[in-house]
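Below, all heavy atoms of this structure are taken into account, side chains as well, without hydrogens, waters or symmetry copies.
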Amino acid sequence: MAPSTATDIEAFFSTLGDGRSPANYRPRSIIYRQGDPADAVYYIESGKVQLMVVSAHGKEGVIAMLSAGDFFGEGCLAGQPVYMASASAMAKSAIRRIDKRAMINALHRNSAMSEMFLGFLLSRNIQIEADLIDQLFNSSERRLARLLLLLANFGKEGKMEAVIPRINQDILAAKVGTTRSRINFFMNKFRKLGFIEYNGGLKVHTSLLNIIVHD
């Protein structure tokens, strides 16, 4: 969810002083690791980020795929001492790091930013509930179709992205909750039906919605 306009965001960042720092990340670059001290909130200016957790037994799971306009690492504001997941760039990304104390102070001072950030948190909560319902009641084919549409920003303000970076099928399998072979089968099916195409990346057509709304 893009929480507000780019002008609003820039106005907010201008009030942070030394409490914010921009950085560019290449695909697969680590932003922070699970267990690192939770000392900052991050904002995605462009690109895509995935959040992944690893169990004590080494099992991995993708819990979120985020895009421009999203915050992450916000658990530190609620007192989390360490990050509960690892964050890494899925594509070339421009990300701003906001020091925890600077973010707290800014939210106290700036009511407009507080409302903006609250809107983001509510949207994230709705997304988590929708993901849970998706896992409980939808087939893996429908879950993959929904994920691809979300990655292309379907349903967000603005237009869908023309082409999104190719995504490792192991990552898609971890997020959807199925095997890589099933993901490969469905992706080939979607391509043959004309719902997606590969052209220097992955192009997702709105017709993929047919998989979700029809039996």
Side-chain angles (χ1 to χ4, degrees), residues 1-3 19-104 107 117-136 140 143-144 146-153 156 164-180 183:
M1 164 192 170
R20 44 110 180 185
S21 53
N24 294 315
Y25 292 87
R26 294 180 178 181
R28 295 181 292 280
S29 296
I30 299 297
I31 302 165
Y32 59 73
R33 297 183 185 277
Q34 182 176 336
D36 284 350
D39 55 5
V41 178
Y42 294 79
Y43 176 78
I44 307 172
E45 292 188 317
S46 63
K48 292 187 180 295
V49 170
Q50 73 168 6
L51 302 182
M52 176 177 285
V53 295
V54 181
S55 73
H57 302 290
K59 185 175 181 179
E60 297 181 341
V62 177
I63 59 173
M65 292 181 177
L66 310 174
S67 57
D70 285 333
F71 289 91
F72 60 100
E74 70 276 4
C76 68
L77 302 179
Q80 284 184 353
V82 298
Y83 292 117
M84 305 303 291
S86 296
S88 60
M90 300 174 63
K92 184 178 179 181
S93 303
I95 296 171
R96 300 222 191 188
R97 179 186 185 278
I98 309 167
D99 180 76
K100 172 184 174 181
R101 179 50 53 189
M103 185 72 173
I104 291 173
L107 292 175
F117 191 65
L118 178 60
F120 160 77
L121 293 177
L122 292 173
S123 177
R124 173 72 66 82
N125 187 64
I126 292 170
Q127 183 68 60
I128 291 171
E129 290 182 350
D131 287 346
L132 178 59
I133 292 170
D134 195 34
Q135 287 288 339
L136 290 173
S140 53
R143 295 199 301 271
L144 176 60
R146 176 174 174 268
L147 175 59
L148 293 175
L149 287 166
L150 288 173
L151 288 173
N153 290 335
K156 289 190 175 184
I164 59 178
R166 284 209 186 189
I167 301 171
N168 185 295
Q169 290 191 358
D170 288 326
I171 293 175
L172 292 176
K175 178 61 176 173
V176 171
T178 189
T179 63
R180 188 184 188 282
I183 293 295

With heavy-atom distances below 4.5 Å as the criterion, would you say the side chains of L151 and M65 are in contact? yes

Please tell me if the side chains of L144 and T178 come closer than 4.5 Å, counting only heavy atoms from C-beta onward. no

Ignoring hydrogens, what is the shortest heavy-atom contact between [X] and [Y]? Give both atom names and the distance.
X	Y	value
C76	A40	SG-O, 3.6 Å
K175	V62	CD-O, 3.5 Å
A89	I31	N-CD1, 4.1 Å
R97	D39	NH2-OD1, 3.1 Å
F71	R124	O-NH2, 2.5 Å
S88	I30	CB-CD1, 3.9 Å

Side chain Q34, main chain V54, donor-acceptor under 3.5 Å: yes

What distance do [X] atom [atom1] and [Y] atom [atom2] have between them, rounded to the nearest 0.5 Å?
X	Y	atom1	atom2	value
L51	L66	CG	CG	5.0 Å
S29	N24	OG	CG	10.0 Å
N168	R28	CG	CZ	8.5 Å
F117	E74	CZ	CD	5.5 Å
D134	R146	CG	CZ	4.5 Å
R26	S93	CZ	OG	13.0 Å

Would you call D170-R180 a salt bridge at under 4.0 Å N-O? yes

Salt-bridge present (K48, D70; N to O < 4.0 Å): no

Please work out whether the ring planes of Y42 and F72 are parallel, tilted or perpendicular, with thresholds of 30° and 60°. parallel

Name all residues meeting the salt bridge (Lys or Arg N to Asp or Glu O under 4.0 Å) criterion together with K100; count only those two or more places apart in sequence or in a different chain, and write none if there are none. none

List for me each residue that meets side-chain hydrogen bond (donor to acceptor under 3.5 Å, both in side chains) alongside Q127, sequence neighbours excluded, and say none if there are none. D131

Does Y25 have any ring-ring contact (aromatic ring centres under 6.0 Å, His included) partners at least two apart in sequence or in another chain, and if so, which? none

